[in-house]
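See structure below.
Everything quoted here is computed from the prediction, not taken from an experiment. For reference, positions follow the sequence shown, starting with 1.
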Amino acid sequence: MSAFDRFLETMSGKNVTVIGIGVSNTPLISLLLEAGAHVTVHDRKSIEDLGEIYGGLHDIGVEFCVGNEYLQNLSGDYIFRTPGMHPNQPALVRAREQGSIITSEMEVFMQVCPCPILAITGSDGKTTTTTLTCEILKQAGYTCHLGGNIGHPLLADVPDITPNDIAVVELSSFQLMDMTCSPAAALVTNVTPNHLDVHKDMEEYVQAKTNIFVNQKPGAKLVLNADDPVSRDFRPAEGVELLQFSMVQPVQNGVYLQDGVIWYAEDGNRRKIMDASEIRIPGAHNIANYMAAICMTHGKVSFADVCEVAHNFGGVEHRLELVRTLNGVRYYNDSIASSPTRTAAGLRAFDQKVILLAGGHDKKIPYDSFGPVVCDHVKRLILIDANPEDTTAPAIKASVLAAENYHPDELVIDTYDDFEKAVRGAAAVAEDGDIVLMSPASASFDIFKNFMERGNRFKDIVHSLSC
């Protein structure tokens, strides 16, 4: 009997609670019902907001607890938490104390997946690096399954996954916090302050990231960023291969950039992979993403496979995505940039100063070092301050005004209380040759459900602009 079949057998007849009808949990609910579990869904949305989803699931026996008090009386033999929920949420703690087993769709997938898993986490760059890893493996002829914090939930697909396939997953800090298993290959892109509105402190956030590799077995691989002061000090478990990547210095084993050339090093001996200029997507941070993906795929692919993807891969949606060129002005959607470090990386991708739209939900991230970067790379800063309860826009402005390199005659700051007005305001002041970059340096939850909705709204507004 396979591990997946044993999981289904375990669920049969059990009282199983699923928190949140989201992208990852909708297929999970169907899978649990097929296994013979008694399923209860807890969701913050009302019955009216759930609409047809509620009706369809209710008709086949799913029970519901919905609305603002949806976490009251949380119980069950097993509780599957939504990926974005802190595992130490008080309701989960009480349920755990009463005997419930708390898990998640991704944790079960990690336990039952029949093929090797390559997992990526980090504060910046993990989605692009995850996608690149998958694209390089597919170029080499592998059947890849992309999921986790990106794309498609994978647990329900396990019957169609063979041992010769490869699963490539992106993992968030929330998914990792209570993870007890680690993948065949793990990568930490970097660790900078993020999600401190949910994590109790930076130490907890860093600890969550380490869970991606602490339970690796001998023969596994760990990839670390030699340029990141936090993650470069992580240490692999005994018998685990360590590879590093660096933009600024040679590494003993791994990939590094020197004089515009990307090299692969093994015991200090190097081989050329390609010139960094061959990479189609812009920005130094994307060179780093490629180097990380090369480390993850090394031993399974050829350098020719890597080069082929570099020449043809156009990037991931909402990540420095060129939306439109209108009247000589280029509009870029970088909605994924939910932290100042991500926006800083995007700004450095351009060889000219840009018109920057920034601001959103406050994640309790410090902006002290962001101001000098803005002053170096931005000609006009347009702040979006749509929610009075969020302090992000004022914090960004304060950081800019306090920067030693701030000159009011070189950087104009405008503030809008409406997203569309801000975008149209940027278009109104843009001139032929300018770049308008929407890279918020903060989360989207001030007015949007997620960064995808924010990015799509930006694109809709830009496409509606007239000549």
Side-chain angles (χ1 to χ4, degrees), residues 116-140 142 144 146 148 150 166-171 182-191 209-210 212-213 216-237 239-258 261-276 278-279 281 283-310 313:
I117 298 174
L118 281 58
I120 293 98
T121 193
S123 300
D124 305 320
K126 57 183 178 290
T127 297
T128 297
T129 303
T130 302
T131 305
L132 286 172
T133 299
C134 189
E135 290 296 318
I136 293 170
L137 289 167
K138 288 195 296 184
Q139 176 65 35
Y142 289 93
C144 289
L146 181 67
I150 174 180
I166 299 178
V168 183
V169 300
E170 175 188 321
L171 299 177
S182 295
L187 162 65
V188 183
T189 60
N190 68 340
V191 181
K209 294 299 187 185
T210 66
I212 198 170
F213 66 85
Q216 283 185 303
K217 303 294 189 293
K221 177 195 294 186
L222 174 62
V223 179
L224 297 177
N225 183 349
D227 303 334
D228 178 51
V230 176
S231 58
R232 70 184 176 202
D233 291 332
F234 292 164
R235 292 293 175 263
V240 172
E241 178 188 18
L242 174 63
L243 297 181
Q244 294 179 299
F245 62 97
S246 174
M247 294 283 289
V248 298
Q249 60 187 326
V251 298
Q252 185 73 9
N253 292 286
V255 182
Y256 65 93
L257 177 71
Q258 189 173 64
V261 176
I262 297 175
W263 302 91
Y264 186 84
E266 191 166 8
D267 295 327
N269 299 311
R270 70 182 192 177
R271 289 180 291 158
K272 180 178 177 179
I273 301 173
M274 62 181 170
D275 294 325
E278 296 179 54
I279 295 175
I281 52 179
H285 61 298
N286 280 319
I287 298 174
N289 292 337
Y290 262 97
M291 293 194 299
I294 294 168
C295 287
M296 285 292 274
T297 57
H298 183 69
K300 299 180 181 297
V301 307
S302 69
F303 291 163
D305 294 321
V306 173
C307 293
E308 186 69 20
V309 174
F313 180 69

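Counting only heavy atoms from C-beta outward, the side chains of D267 and N253 approach each other to under 4.5 Å. Counting only heavy atoms from C-beta outward, the side chains of Y290 and I281 approach each other to under 4.5 Å. W263 places none of its side-chain heavy atoms less than 4.5 Å from the side chain of R271. A heavy-atom distance below 4.5 Å is found between the side chains of L243 and K221. Using a 4.5 Å heavy-atom threshold, the side chains of I262 and V306 count as separate. With contacts defined as side-chain heavy-atom distances shorter than 4.5 Å, the pair L187/F245 qualifies.
The line from NE2 of H298 to CD1 of I273 is 8.5 Å long, rounded to the nearest 0.5 Å. Note that CG of N289 is 9.5 Å distant from OG1 of T127, once rounded to the nearest 0.5 Å. Here the CG atom belonging to L222 is positioned 9.0 Å from the CZ atom belonging to F234, to the nearest 0.5 angstrom. M296 contributes atom CE, which lies 12.0 Å from atom CG of L132 (distance to the nearest 0.5 angstrom). Remark: Y256 OH to C295 SG distance equals 12.5 Å, nearest 0.5 Å. Distance check, rounded to the nearest 0.5 Å: CG of L171 to CD1 of I212 gives 5.0 Å.
Closest non-hydrogen pair, K300 versus A140, comes out as O-CB, 4.3 Å. Annotation for R232 and R235: closest pair O-NH1, 3.2 Å, computed over non-hydrogen atoms. Here the closest non-hydrogen pair linking K209 and G122 is NZ-O, 3.3 Å. Closest non-hydrogen pair, D233 versus P229, comes out as OD2-O, 3.4 Å. Here the shortest heavy-atom pairing between A276 and L257 reads CB-CD1, 3.8 Å. Contact detail for P183 and Q216: the closest heavy-atom pair is O-NE2, 3.1 Å.
A donor-acceptor contact closer than 3.5 angstrom is absent between the side chains of K126 and T189. N225 and N190 share no side-chain donor-acceptor pair at under 3.5 Å.
Applying the salt bridge (Lys or Arg N to Asp or Glu O under 4.0 Å) test to residues at least two apart or on different chains, the pairs with a partner in residues 128-137 are E135-K138.
Checked by atom type and distance alone, the side chain of Q244 never pairs as donor or acceptor with a backbone atom of V255 at under 3.5 Å.
Put simply, the residue from I120, I136, I117 that forms a side-chain contact (heavy atoms from CB on, under 4.5 Å) with V168 is I120.
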Under the side chain to side chain contact (heavy atoms under 4.5 Å, CB included) criterion, do V188 and D228 qualify, and how do the steps go? CA-CA 10 Å; V188 183; D228 178 51; 5.8 Å; no

